[in-house]
Visitor: 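Input: one structure, supplied below.
The chains referred to below are lettered A, B, ... by the order of the sequence lines, with proteins before strands, and numbering in each begins at 1.
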Amino acid sequence: MRLFKNLFFLALLQGCGFAFGQNKELLYDFNEIPQSLMVNPGVLSDFQWYAGVPALSGISLHAGSSGISVNDIFADDGLDINDKVRDRAIGGMNIRDELSGIFQIELLNAGFRGRNPDNFYSFGIYAEGNSIGYWFKDYAILAVDGNADRLNEKFDLSHLKSRGELMNVFHFGINKRLKKGLTVGARAKIYSGIFDFNTTQNKGYFVTTPGQNNIYASTLDADMRLRTSGIDELLTANDEGRLAGTVLKRGFFGGNLGLGADLGFSYQPNEKWVVTASLLDLGFVYQTSDVKNYTLNGRATVEGAQVILPDALSDPNRDFWQELIDEIEALIPFEDNTKNYLAFRPTQLYASLRYNFGKEMASKVACNCEDLVSGSALRYRYANGVGGQLYMINRPRGPQMALTAFYLKRLGEALSLKATYTVDKFTYSNIGLGINVQAGPVNLYVLANNLLAYRNIADTNYASFMLGLNIISWGNN
Amino acid sequence: MLLALSLTMLFPGCSEKQDFDQYEQLSLEPILEGSLLYIEAPERIINQANGVMVYTFDLRFEAFSSSIFSERAIEGSITYFVENTTSKPLDVTAEFLDASGNVLDTENFTIAAAPTAIIQRDIEYGPNGRSIDIIKNTVTIRITAQNLGDTTSVSSFPDPKVKLTSRAQFRVRVK
């Protein structure tokens with residue numbers, strides 16, 4: 001029963017998400033925003049210090065779905081929902097279409113420049129939840145149509161591929177300017193896992209074939225695994241009305257711990273060009289607390305209950321039904337265990353190339369920049385920047401990629417804008433806009449993606465939104 | 001362009017009218033099918049039986065009464081195939097019994113001696129047939145075979161036997 005509660009809980013987590021992409025193309029290399037350090041610890045930063053407003057410095061929610069939208073199913077169009085599900089989900093989606101999600105909320109984020117002004121340190125805590133589930137096509141066909149009249153058609157069990165996690169991340173990063181226009185950065189992370197689930201290594205099939213004795217033979221060849229941690233404890237806490245306390249405890253080192261790192265750099269070969277790249281969440285969580293794993297492994301073929309004389313008459317008390325059940329359970333044991341496991345983080349890669357042009361703007365840095373190892377590079381701020389970005393993320397069905405073209409515009413010291421056009425598996429018409437407002441020391445940014453979809457938000461395959469509030473000092477105000 | 005985009009951001013998103021109550025009309029009712037029962041009795045066993053009764057036995061069968069099926073079954077059918085290659089006519093009966101031993105349903109097959117065609121019989125359960133409750137409450141299937149001929153003759157067919165095969169096909173409500 002507990003398993004079914006767990007599965008329901010997981011389905012709920014998964015179902016709540018329609019898909020969330022993780023690409024933060026608007027924030028990436030938007031170095032007026034301190035949180036750009038979170039997507040590239042080696043970003044060109046010129047702050048003296050900054051402090052995010054707790055819980056408001058960085059809120060991000062990325063949502064989308066590949067293959068189908070809310071409008072496809074729930075539009076008030078007079079069509080039968082069963083036909084829409086059959087045509088657009090069952091018939092229209094493939095196993096690479098995904099349903100997934102991510103949110104991040106910064107609880108604390110701050111940074112300061114060290115005694116060596118080429119070094120900038122940043123640290124903080126953020127909560128992150130993410131999940132991904134690929135379209136379980138063959139399971140859906142079984143649920144909608146069943147196996148009738150589908151002789152010899154294999155239902156692929158590997159179509160169930162899903163993972164998700166909720167955690168707090170404690171991080172500390174250093175951003176260091178080196179010689180010849182190179183800035184590098186690294187961020188160490190400690191993950192405090194609240195819960196985790198993954199079922200990404202499933203194999204096997206279910207098939208109905210002509211039987212040897214009876215009419216049909218039903219064969220299940222399964223190698224399936226669901227690994228979970230923290231979920232039992234959360235369900236128990238929920239039943240006992242102490243869910244918030246348990247989430248808090250597990251999020252602050254009372255759950256599963258992991259380690260990770262972000263790496264990045266920015267390189268200015270000359271005053272006009274900037275090349276950047278970063279590798280994020282190169283890490284893992286070692287799941288040791290409240291681990292519960294389930295496996296279904298084996299192969300069995302059933303042709304119904306079989307009674308073959310004269311053997312069947314040898315024992316009048318023989319229980320053919322129980323024999324059948326026992327045989328199936330022996331051939332395909334459904335088991336659980338509490339073995340610890342490693343859950344690797346979805347590692348992300350960013351890279352960009354930017355060309356600066358237009359009016360040269362004064363540096364905000366209160367320093368004699370010529371004294372810095374980076375020399376005069378900090379002086380180069382231009383009113384415009386244009387370029388391209390690459391994004392990749394490691395997913396259970398292999399890496400996903402997005403390509404972005406962007407235009408960055410600085411309107412004085414108070415306002416800067418970044419517009420992007422992104423192509424990825426969700427959409428080919430993703431136009432995004434980020435606005436960064438600097439009012440004295442107060443910094444406010446709002447970044448939104450796929451703006452064209454706002455014409456009919458229910459029909460979008462992708463949407464993301466980020467906002468944050470910081471206090472920033474450049475040391476000269 | 002940036003200004004235009006900025007203005008776009010300030011406008012609230014629009015959406016075509018959605019009707020989430022449609023979810024209530026979503027119906028997941030797959031049709032599942034598989035083999036049900038296989039019974040085989042060679043002619044030599046029939047000849048060895050003393051008298052008319054060849055065999056009778058109760059087979060516990062709880063696939064239908066298990067909650068995962070009984071709470072979801074809507075309608076369906078059971079198809080029987082009876083093949084007799086023995087030299088004598090036979091009478092085969094399948095009875096569905098509930099937990100108290102009450103007979104809920106009976107299906108009888110009288111099949112002539114070989115050579116004879118395979119008897120196929122489809123029994124519908126649900127709105128267009130017998131009560132689906134018969135299926136939902138069945139925990140035992142009683143099989144009885146009677147020899148309506150002699151106990152000495154031997155069929156000229158290779159490996160003569162009486163064979164009952166069957167399949168079940170039911171529509172179940174998942175949602």
Visitor: Under 4.5 Å, counting heavy-atom pairs only, tell me which of A:T208, A:I81, A:D149, A:I325 racks up the most with chain B.
Guide: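 Most pairs with chain B among the choices: A:I81.
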
Visitor: Roughly how far apart are B:F61 CZ and A:W321 CH2, rounded to 0.5 Å?
Guide: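 With rounding to 0.5 Å, CZ (B:F61) is 5.0 Å from CH2 (A:W321).
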
Visitor: Give, for atom CZ of A:F320 and atom CG of B:D58, the distance between the pair rounded to the nearest 0.5 Å.
Guide: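 The CZ atom of A:F320 sits 11.5 Å away from the CG atom of B:D58.
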
Visitor: Are any non-hydrogen side-chain atoms of A:V307 and B:I143 less than 4.5 angstrom apart?
Guide: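 No, too far: nothing below the 4.5 Å cut-off.
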
Visitor: Would you mind telling me which of A:P310, A:A217, A:S218, A:G211 has the largest number of heavy-atom pairs within less than 4.5 Å of chain B?
Guide: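 Among the listed options, the one with the most contacts to chain B is A:P310.
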
Visitor: What's the spacing between A:D77 CG and B:D19 CG if we round to 0.5 Å?
Guide: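 Rounded to the nearest 0.5 Å, the CG-CG separation comes out at 9.5 Å.
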
Visitor: Quick one: pull up CD1 in B:I45 and CD1 in A:I308 and give me the separation to the nearest 0.5 Å.
Guide: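 B:I45 atom CD1 to A:I308 atom CD1 measures 12.5 Å (nearest 0.5 Å).
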
Visitor: So which heavy atom on B:L36 is nearest to which on A:N214, and how close?
Guide: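 For B:L36 versus A:N214, the nearest heavy atoms are N-ND2, 4.0 Å.
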
Visitor: Is a side-chain N or O of A:N71 found less than 3.5 angstrom from the main chain of B:Q18, in a donor-acceptor match?
Guide: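 Checked: no pair found.
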
Visitor: Would you say that A:N82 contacts B:L26 through its side chain, given a criterion of any heavy-atom pair below 4.5 Å between the two side chains?
Guide: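 SC-SC contact between A:N82 and B:L26 confirmed.
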
Visitor: Hey, which of B:G34, B:S166, B:A41 has the most heavy atom pairs under 4.5 Å with chain A?
Guide: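 Counting heavy-atom pairs under 4.5 Å, the top option is B:S166.
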
Visitor: Can you confirm whether A:F136 is buried at CZ, in the sense that more than 12 heavy atoms of other residues, nucleotides or ligands lie under 6.0 Å from that atom?
Guide: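 It does not: A:F136 CZ has 12 such atoms or fewer within range.
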
Visitor: Non-hydrogen atoms of chain B under 4.5 Å away: do they reach the side chain of A:D319, the backbone, both or neither?
Guide: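 For A:D319, side-chain heavy atoms alone lie under 4.5 Å from chain B.
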
Visitor: Please classify the contact between A:V85 and chain B as side chain, backbone, both or neither, with a heavy-atom cut-off of under 4.5 Å.
Guide: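 Just its side chain gets close to chain B.
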
Visitor: Report which part of B:Y23 has an atom under 4.5 Å of a heavy atom belonging to chain A: side chain, backbone, both, or neither.
Guide: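 Both the backbone and the side chain of B:Y23 come within 4.5 Å of chain A.
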
Visitor: What part of B:R44 gets within 4.5 angstrom of chain A, counting heavy atoms only: side chain, backbone, both, or neither?
Guide: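 B:R44 touches chain A through side-chain heavy atoms alone.
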
Visitor: Donor-acceptor pair, B:E29 side chain versus A:A143 backbone, under 3.5 Å?
Guide: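 It does not hold such a pair.
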
Visitor: Is any side-chain heavy atom of B:S35 closer than 4.5 Å to one of A:V302?
Guide: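 They are not in side-chain contact.
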
Visitor: Quick one: what part of B:A63 sits under 4.5 Å from any heavy atom of chain A, side chain, backbone, both or neither?
Guide: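 Looking at B:A63, backbone and side chain both touch chain A.
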
Visitor: Would you mind checking which part of A:L415 comes under 4.5 Å of any heavy atom in chain B, side chain (CB onward), backbone (N, CA, C, O), both or neither?
Guide: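 For A:L415, neither part sits under 4.5 Å from chain B.
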
Visitor: Heavy-atom distance under 4.5 Å to chain B: side chain of A:I73, backbone, both or neither?
Guide: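 When you check distances to chain B, only backbone atoms of A:I73 fall under 4.5 Å.
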
Visitor: Is any side-chain heavy atom of B:E40 closer than 4.5 Å to one of A:L309?
Guide: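 Answer no - side chains too far apart.
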
Visitor: Side chains of A:V70 and B:F20: closer than 4.5 Å at any heavy-atom pair?
Guide: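 Yes, their side chains come closer than 4.5 Å.
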
Visitor: Do you know which of B:Q25, B:E62, B:Q169 has the most heavy-atom pairs with chain A at a distance under 4.5 angstrom?
Guide: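 Among the listed options, the one with the most contacts to chain A is B:E62.
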
Visitor: So what's closer than 4.5 Å to chain A heavy atoms on B:Y55: side chain, backbone, both or neither?
Guide: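 Answer is side chain: those atoms of B:Y55 sit under 4.5 Å from chain A.
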
Visitor: To the nearest 0.5 angstrom, please state how far the CG atom of B:L59 sits from the CG atom of A:L324.
Guide: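 Reported to 0.5 Å precision, the distance equals 9.5 Å.
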
Visitor: Working to the nearest 0.5 Å, report the span between CD of B:E33 and CG of A:L151.
Guide: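 Separation between the atoms: 7.5 Å.
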
Visitor: Give a yes or no on whether the backbone of A:F74 and the side-chain of B:Q22 come within a donor-acceptor separation of less than 3.5 Å.
Guide: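 Confirmed, B:Q22 side chain pairs with A:F74 backbone.
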
